[in-house]
Amino acid sequence: MDLVKKLQTERDLSDAEFLALLSTDEYDETLRIAADEERRKVYGDEVFLRGLIEFTNYCKNNCYYCGIRAGNPDADRYRLTKEEILECCKEGYALGYHTFVLQGGEDPYYTDEIICDLVRSIKELFPDVAVTLSIGEKEKSSYAKYKEAGADRYLLRHETASEDHYSFLHPSNLSLSHRKQCLYDLKDLGFQVGAGFMVGSPGQELKHILADIRFLQKLQPDMIGIGPFIPHKDTPFKDEKQGSLELTLRILSIIRLCFPYVLLPSTTALGTIAVNGRELGLQHGANVVMPNLSPVEFRKQYSLYDGKICTGEESAQCKDCLSLRVKSAGYRIVNDRGDVKR
Ligand code: 5AD
Ligand code: FES
């Protein structure tokens, strides 16, 4: 049986077979077709929206790839007030969004009390939306409070599942074991969990991607965020090359075949390295898009990597632009919470 057929029916391969798939463009078109077939079996032509609110670009960490790292004195920092955040939600709700993702750097200004108050307020105003948090590594007791306040989902990319590569991308105060512990804690508390990694990050080899797949098979997350690495001018990785479009699309298709049910975003980073990147992502197995809902005046400041798209458009324009893109790719936006279909 050929490799793609085997992956499609068994949802798994041996290490050697995964490495063979990853290392050549030979299977790309069959992979894409199989991935699209599997996504349509579970989700039809539906694409879910996640309204992304980037509410702070302060961060206490210093990840070598990230533009909002604490060690970047040139980052122009901002924090949104509760009122500003709720305003974004109102705008998003009017546009039909039923999921809000509150994403930020690891910013101690937002205490557990503040986060819980935000979550409760959003849930009170919009009882039928899902609230997703993406605010980094916390104590399990903090995650428990967020859950208690009504948060439904949590996004925390593992970034890489290999110890050697993790310490190449991060300073020594950050550890892969703690990162993983956070993800298991979140699962244990009943969050719908998203993990994921960058494609083509400095030092990444195919064996690391294989380890990422193996880790995801263990974790069984509801969502998997995968986008290309893109250098940022104020980081130690400023001269590194960006991740490739082809490899990112290949990995999206492989991930769809391993996890037919999973929520798989076609990321802004993918749309940044190619004009039709997000359309291609959808055609390679992705079924989620995350339009930006942050206030336009702050968008440029949430600069994780250079050249990030969607920083000048009003939220309504982003929605219209994405609707057209989703349609032209052959899919349809649905305005519901977009829960995972297991
Ligand atoms: N290029 C691409 N993605 C990046 N991220 C952070 N920095 C970069 C970069 N330079 C991703 C990380 C993080 C997510 C919010 O953004 O994977 O988890
Ligand atoms: Fe903020 Fe890495 S620089 S989490």
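Starting from 1, each residue takes its place in the sequence as its number. Keep in mind that this is a model prediction, so the values were computed, not measured. Whatever order the structure lists ligands and atoms in, that order sets their numbers, starting from 1.
- Between Y305 and ligand 1, no N or O atom pair is found at a separation short of 3.5 Å.
- The shortest contact between atom 16 (O) of ligand 1 and any protein heavy atom is with L304 CD1, 3.5 Å.
- Scanning the protein heavy atoms around atom 14 (C) of ligand 1, the nearest turns out to be R157 NH1, 4.1 Å.
- In this structure, F55 has its ring center under 6.0 Å from that of Y110.
- Among V119, I135, V131, L186, the one residue that satisfies the side chain to side chain contact (heavy atoms under 4.5 Å, CB included) test with Y146 is I135.
- Checked against a 6.0 Å centroid threshold, the rings of Y65 and F229 do not count as neighbours.
- The closest approach between G196 and ligand 1 stays at or above 4.0 Å for every heavy atom of the residue.
- Side chains of Q301 and N57: no donor on one and acceptor on the other come within 3.5 Å.
- Remark: ligand 1 atoms within the under-4.0 Å shell around heavy atoms of E159 are 12 (C), 13 (C), 17 (O), 18 (O).
- Residue H232 has no N or O atom closer than 3.5 Å to an N or O atom of ligand 1.
- Ranking the protein heavy atoms by distance from atom 9 (C) of ligand 1 puts I230 O, 3.4 Å first.
- A donor-acceptor pair shorter than 3.5 Å can be found between the side chains of D212 and H158.
- With a 4.0 Å cut-off on non-hydrogen atoms, P228 touches ligand 1 through its backbone and not its side chain.
- Atoms of ligand 1 found under 4.0 Å from any heavy atom of F229 (numbered from 1 in listed order, with element): 1 (N), 2 (C), 10 (N).
- Using a 4.0 Å cut-off between charged nitrogen and carboxylate oxygen, K327 and E279 do not count as a salt-bridge pair.
- Taking atom 7 (N) of ligand 1 as the reference point, the nearest protein heavy-atom neighbour is Y65 CD1, 3.3 Å.
- For ligand 1, the polar-atom distance check against M198 finds no nitrogen or oxygen pair separated by under 3.5 Å.
- For the pair K341 and E46, the salt-bridge criterion is met [side-chain N within less than 4.0 Å of a carboxylate O].
- The line from OG of S253 to CD1 of I33 is 10.0 Å long, rounded to the nearest 0.5 Å.
- Backbone and side-chain nitrogen or oxygen atoms of Q103 are examined, and none is located within less than 3.5 angstrom of a nitrogen or oxygen of ligand 1.
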